[in-house]
Amino acid sequence: MDYSNPLIVQSDRTLLLDVHASRAEDCRNALIPFAELERSPEHLHTYRLTPLSLWNANAAGFSPEDAVNVLHEFARYDVPQAVEMWIRETAGRFGKLRLVPAPWIEVEKQKIEYLYLVTESIPVFKEIAASAVGRKYLTLAEYEQPQDELMKQTVVSEEEKSHCFRLALTDRGTIKQELLRMGWPVKDDVPLIDGEPLEINLRETTLSGKPFLLRQYQKEAASAIVGNKGPGTGFGTIVLPCGAGKTIVGMTVMDLLKTSTLIVTTNISAVHQWIEELKDKTNLTDEDIAEYTGENKTIKPVTVATYQILTWRPEKDGPYPHFSLFRKRNWGLIIYDEVHTLPAPVFRVAAEIQAVRRVGLTATLVREDGCEGNVFSLVGPKRYDVPWKDLETSGFIATAECIEVRIDLGEEKEIEYAVADLRKKHRIASENPKKPEFVKMLVEKSPQDKILVIGQYLSQLDELSKMLSCPIITGKTPNDERDKIYADFRSGKIRVLVVSKVANFAIDLPDASMAIQVSGTFGSRQEEAQRLGRILRPKERKSRFFTLITRNTVEEEFGSNRQKFLAEQGYQYRLLRCKDAADLGEYLDGEQVCLK
C-alpha cells in the first residue's frame, strides 16, 4: 500500500482516481488504453473496466499483464485478487476463437467458399457448439489444409484442427458480431484480398510548394493497420484527436497498400476536402478520383462517397440501391471516416465485406447507441491511439481552454420549464432567451479570434446569425454555398460563422480559435469532442471552447455527461456563474469576479 498513490481499485471493477494526488496525470494517461471514464466530478474520477475496453487494448498490443501492472503501480491500496483474475480471464478470451481459411468445395458445379472457426479450448468449443449461434451458422468439420499458397501461410495448431467449425464465407462478419455478443471476440486471421492495384504515392511537397512531412505518430498509426500485409493485418480503427491529421493517416495507408480505394465520409463538404487533400498531397489527379454523392455518382480508382447516399432508399422498407457501390469495383481498401458515426444500415454491408482491407478513422470510439461492438467486430478493433494532451504538449494540436458559463433562466420561462416533460425542458433550457446577449459579448470581446457559434436548434441559430450579421450553415444550406462560406472563413473574409450540427464532423477550419456552444444533443460525449475538435488545428493562439448552460436545469446534467470523454483526455472545464453578460465581460477583461 502506498497512500500517496492516486488510484483506488474496487472489487466491482470500478477505479477511483484522486485528481489531487501527485501522480494523477501519469495515472490518467496509463488508464486510457484499457479503462473507460464514467464520471468526472471535482475530486474523484470514476473509471470502469469492461470486456470491450480490454479487448480493444489487447488488439492494440496492450496485454492483460500490462493492465494489471498499471493498477499495481498506481494503486493506493492492494489490488483485489478478483479484479486481477477477471482482467486476465476476460482479456484472455481475445484470440481463443480464430477464423482461418478453408478449402472451397464444388456443389452442383458451383464454387462454394467457406472458412473455419477454430479453438484450442474444449470448453469453448462445446459452448459454441451448444449455442443458438453455433446451431444457426456453424457445422462441425474436419480440418483440411487449403490449397491456395497464401491461405497455407495461416498456422493452425493440432489442437485447433481437432476443434473446428465450418461456416459460409458470407457469414464472416455476422459470426464475429454474434460471438462478440456472447463474450467471445473472434480473431480474424483469414488473409485479405489485394484488390485492384493503383500507384499511389505521397508527395514530398504539396501543390503549393510547402514541404510535406509525416509526423512519427502518423507513420506508426498507418503501420499499425498495414503491418506486413500478412494474415490478420490490414483492418482496424485509428483513434486520433481532431486536428491531428487522421486524413493524412488514411492517405499514408493508401500509399503503403497501393490499391483501389473507397472512402466513405460524413457529408459533401468532407468529400470535397478529401478530394482536395488527395490531389494536394499525393500523385493522384482528377482522372483518378471520383465523387459519389447525391449530386455526382461517378466511380474511379479512388472514390469518395457519403454515408447519406449509401443509406438512401426510395421506400422506407425497401432495399438500399447504392450499397452496390461496395461491389462495383475490386476495392483493395475501404476507409470509414468518422467511423463512430457509421450508420446502422452500413453495418450490414460491413458484415458482408470482410475480405477487403479497411480502416476506421475517429477522434473517439464513443457511440451513444452502444454499437462500439459492431465497430470492433466489423471494421476492426482499435489498433492505435494517442492521448489528446500528449499531442497538445508536442504542439501537434492547439492548446485549448474549456469554459462553461452558467446562466439563469429568465423568470418568464420558469413556469413553462417547471411543467414541461424532459425533452421540452431540454429545449427550453437550450434556447434560454438570455443566451444571445452572452454570445454577443463573447464575439465583441474577442476581436482577434475566428469564431464558430455552434448549436442544435435552427430557430435559435437563425436569431444568432441575424444578431451577429454573419453567415449560417445548416443542413438546408446548398452545398455550393456551404463550400463558399467555409472558404471565406478560411481566407479571413468572414470572422464569425454560425453552424448547426452539420459542422460537427470532418470539416477542416484551421484558423478557428474560439467555439461558442449554445445548445447540443442531450448528453452526447461524441458531439462534445467533435465540437472542441473544430478549434484544435495547431495555431499560435490558445483556443477557447465556451459552453453556455442554463443553471438549475437538465442542461447542467446533460452538460456534465457531455464532458466525460474530454475529461478523460485531461481537459478541465472552468465554471463561470454570470448574472448577466456584463459579468462575463468582466471575466473576459481579466477580472475573476464570476469564476467558480
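All residue numbers refer to positions in the sequence shown, counting from 1. Every value quoted in this text rests on a predicted model; they were computed, and no experiment measured them.
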Colleague: Taking the side chain as C-beta and beyond, is there a heavy-atom pair between Ile473 and Tyr486 under 4.5 Å?
Modeller: yes
Colleague: Do the numbers put Arg574 on top of the ring of Phe546, so that NZ or CZ is under 6.0 Å from the six-membered ring centre and no more than 45° off the axis?
Modeller: no
Colleague: Side-chain contact, heavy-atom cut-off 4.5 Å: Arg23 with Glu73?
Modeller: yes
Colleague: Hey, is Arg88 close enough to Glu84 for a salt bridge, meaning N to O under 4.0 Å?
Modeller: yes
Colleague: So does Glu557 have more than 12 non-hydrogen atoms from other groups sitting under 6.0 Å from CD?
Modeller: no
Colleague: Does Arg406 come within less than 4.0 Å of Glu556, counting only side-chain N to carboxylate O?
Modeller: yes
Colleague: Would you say that Gln456 contacts Ser500 through its side chain, given a criterion of any heavy-atom pair below 4.5 Å between the two side chains?
Modeller: no
Colleague: According to the interplanar angle, ranging from 0 to 90°, do the rings of Phe34 and Phe62 count as parallel (below 30°), tilted (30 to 60°) or perpendicular (above 60°)?
Modeller: parallel
Colleague: Only counting residues at least two apart or in another chain, list the ones meeting ring-ring contact (aromatic ring centres under 6.0 Å, His included) with Phe347.
Modeller: none
Colleague: Measure centre to centre between the rings of Tyr217 and Phe396, then say whether the value is under 6.0 Å.
Modeller: yes
Colleague: Roughly how far, to the nearest 0.5 Å, is CG of Leu207 from CG of Asp280?
Modeller: 5.0 Å
Colleague: Identify the heavy atoms of His340 and Thr364 that sit nearest to each other, and give their distance.
Modeller: CB-O, 3.3 Å
Colleague: Output the distance between atom OG1 (Thr521) and atom CD (Glu528), rounded to the nearest 0.5 Å.
Modeller: 10.5 Å
Colleague: Measure across Lys246 and Leu361 and return the closest heavy-atom pair with its distance rounded to 0.1 Å.
Modeller: O-CD1, 3.4 Å
Colleague: In the structure I gave you, are the side-chain heavy atoms of Val346 and Tyr336 within less than 4.5 Å of one another anywhere?
Modeller: yes
Colleague: Measure from NZ or CZ of Lys187 to the centre of the six-membered ring of Phe94, then state whether that distance is under 6.0 Å and the direction lies within 45° of the axis.
Modeller: no
Colleague: Could you tell me whether Arg28 and Glu25 make a salt bridge, using a distance below 4.0 angstrom between a side-chain N and a carboxylate O?
Modeller: yes
